[in-house]
Amino acid sequence: MTRIAASAVIHPMAVVEDGATIGDNVRIGPFCHIGPEVVLGDGCELISNAVVTGKTVIGRNARIFPCAVIGGESQSIHKEGSDNTLTIGDNCTMREGVTMNAGTKGGGGKTVVGNNNLFLANSHVAHDCILADNIIMSNNVMLAGHVIVEDRVILGGGSAVHQFTRIGRQAFIGGLSAVSYDVIPYGMLNGNPGVLAGLNVVGMTRAGIDRPVIHKVRRAFKDIFEAEGSARANAAAIREQYLDCAQVIEILDFIAADSDRALSSPHRGKS
């Protein structure tokens with residue numbers, strides 16, 4: 001049974017299938033299509049010609065622009081299973097042509113998107129991706145399956161991220177970059193193939209990180225990537241020196257964590 005709040009405004013030329021849940025003050029414009037298992041949180045707005053389908057739950061105050069398709073079946077050939085879901089948090093904007101796919105059984109069945117994220121035109125979030133909060137995906141950004149993107153990451157226009165890759169908190173990915181390997185927190189990656197070009201100092205400054213802390217993170221970056229030996233071995237060796245710096249420890253923990261991908265490097269693209 002469809003559950004539509006009395007305050008919702010639905011254009012007569014929109015289709016809301018029986019079973020959907022529509023929250024307070026939702027606005028659904030002409031030629032939109034809402035599937036039977038969709039939940040739209042309070043205050044969502046669908047401009048026109050948008051599709052929300054599958055087992056998709058969207059939080060409060062989302063804005064979905066024309067030609068976006070949210071919650072579609074995975075494009076993976078391993079998309080078996082009927083319980084695959086897409087969950088999106090509050091205050092997310094999906095501009096024209098954005099696509100987000102549900103998860104797959106092999107990936108846990110869940111694609112998860114956090115709060116306050118901005119997805120510009122024609123960007124794509126594939127199956128089983130996990131996105132945190134305050135992320136900006138610029139025009140034509142492509143995330144392959146099983147990608148993890150942490151808080152406050154910015155991905156420049158046309159960049160592409162390989163499956164199973166992790167991008168650490170507050171990293172910056174330059175436009176048209178190919179992200180083939182994990183990117184450390186606060187890292188800046190550019191090029192094709194993507195090379196770790198240093199630290200996102202501008203982003204760190206805007207986030208209120210003090211200059212002495214930024215200098216300390218820079219020293220740690222050199223210790224990890226410019227010393228002899230592998231980045232992972234170097235990271236493990238310097239931990240005791242940086243116990244008083246949360247940002248450096250965050251980078252070291254990221255490097256030490258299990259991953260399906262190698263680590264992006266300033267030298268040959270991976271480490």
Side-chain angles (χ1 to χ4, degrees), residues 59-63 88-95 98 112-120 123 125 129-139 141 143 147-161 165-177 179 181-191 194-226 231 234-235 238-239 241-257 259 261 263-266 271:
R60 297 172 298 163
N61 303 320
R63 298 191 74 208
I88 299 172
D90 298 335
N91 306 312
C92 290
T93 297
M94 288 141 273
R95 293 301 304 247
V98 168
V112 180
V113 175
N115 304 310
N116 307 310
N117 294 317
L118 173 59
F119 302 89
L120 298 186
S123 54
V125 177
C129 287
I130 306 295
L131 277 61
D133 303 330
N134 301 297
I135 294 163
I136 298 175
M137 284 178 48
S138 301
N139 297 333
V141 171
L143 302 185
V147 167
I148 296 174
V149 183
E150 297 183 356
D151 292 340
R152 300 177 66 88
V153 169
I154 297 176
L155 296 106
S159 55
V161 183
T165 298
R166 299 177 299 146
I167 302 178
R169 185 162 72 95
Q170 214 163 319
F172 183 92
I173 308 302
L176 300 177
S177 294
V179 186
Y181 309 110
D182 293 348
V183 181
I184 60 168
Y186 311 105
M188 178 178 291
L189 183 135
N190 288 294
V195 172
L196 195 61
L199 295 172
N200 180 16
V201 174
V202 171
M204 296 172 77
T205 302
R206 288 175 177 171
I209 298 175
D210 294 337
R211 182 62 58 177
V213 174
I214 293 174
H215 289 324
K216 187 169 287 190
V217 177
R218 278 176 158 164
R219 289 199 301 271
F221 184 93
K222 291 180 179 179
D223 291 342
I224 294 166
F225 292 106
E226 296 183 11
N234 293 341
I238 67 171
R239 176 176 288 272
Q241 303 174 38
Y242 290 98
L243 292 176
D244 62 339
C245 183
Q247 289 80 10
V248 173
I249 295 302
E250 182 180 0
I251 293 171
L252 301 183
D253 288 344
F254 182 94
I255 293 172
S259 178
R261 304 297 296 163
L263 192 67
S264 293
S265 158
S271 179

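It should be emphasised that the depicted structure is a prediction, and the values quoted were computed from it without experimental measurement. Heads up: numbering here begins at 1 and tracks the sequence.
Between Val125 and Val98 the shortest side-chain heavy-atom distance does not fall below 4.5 Å. The closest side-chain heavy-atom distance from Ser265 to Tyr181 is not below 4.5 Å. Side-chain atoms of Ile184 and Ser264, non-hydrogen and from C-beta on, never get closer than 4.5 Å to each other. A 4.5 Å side-chain heavy-atom check between Ile251 and Tyr242 finds every atom pair outside the cut-off. Between Arg169 and Tyr186, some side-chain heavy-atom pair lies under the 4.5 Å cut-off. Annotation: side chain of Phe119 is not in contact with side chain of Ile88 (no heavy-atom distance under 4.5 Å). Two residues are said to be in side-chain contact when any heavy atoms from C-beta on lie closer than 4.5 Å; Met204 and Val213 fail this criterion. Within the 4.5 Å cutoff, side-chain heavy atoms of Asn134 are placed close to those of Asn116.
Annotation for Ser177 and Gly191: closest pair OG-N, 3.1 Å, computed over non-hydrogen atoms. Between Asp244 and Lys216, the closest heavy-atom pair is OD2-NZ, 2.9 Å. Closest of all the heavy-atom pairs between Phe221 and Gly198 is CZ-CA, 3.8 Å. Minimum interatomic distance between Leu196 and Gly187 (heavy atoms only, all atoms of both residues): CD1-CA, 4.1 Å. Closest approach of Ala231 to Phe225, counting heavy atoms only: CB-CE2, 3.9 Å. Looking at every heavy atom in both residues, Ile214 comes nearest to Ile209 through CD1-O, 3.6 Å.
Ile167 contributes atom CD1, which lies 8.5 Å from atom CZ of Phe254 (distance to the nearest 0.5 angstrom). Interatomic distance, CD1 of Ile173 versus CG of Leu189, reported as 5.0 Å (0.5 Å rounding). Atoms CD1 and NZ, from Ile238 and Lys222 in turn, are 13.0 Å apart once rounded to the nearest 0.5 Å. Rounding to the nearest 0.5 angstrom, the gap separating the CG atom in Asn91 from the CG atom in Asn115 is 7.0 Å.
If you run side chain to side chain contact (heavy atoms under 4.5 Å, CB included) between Met137 and each of Asn117, Val149, Leu118, Leu143, only Leu143 comes through.
Applying the side-chain hydrogen bond (donor to acceptor under 3.5 Å, both in side chains) rule to pairs touching residues 194-212 yields nothing, sequence neighbours excluded.
With hydrogens and angles disregarded, no donor-acceptor distance shorter than 3.5 Å links the side chain of Glu150 to the backbone of Gly168. Counting only distance, with no hydrogens or angles, the side chain of Ser159 and the backbone of Gly175 share no donor-acceptor pair below 3.5 Å. For Ser138 (side chain) and Leu155 (main-chain N/O), a donor-acceptor pair under 3.5 Å exists by modelled atom type. A distance-only check finds a donor-acceptor pair linking the side chain of Asp151 to the backbone of Asp133 [under 3.5 Å].
For Asp90 and Asn61, the side-chain atoms include no donor-acceptor pair closer than 3.5 Å.
At a threshold of 4.0 Å, the pair Asp253-Arg239 counts as salt-bridged, since one of the basic side-chain nitrogens sits closer than that to a carboxylate oxygen. Salt-bridge check for Arg166 with Asp182: passed, with a basic side-chain N closer than 4.0 Å to an acidic carboxylate O.
Applying the 6.0 Å contact sphere to CZ of Arg261 captures more than 12 heavy atoms from other residues, nucleotides or ligands.
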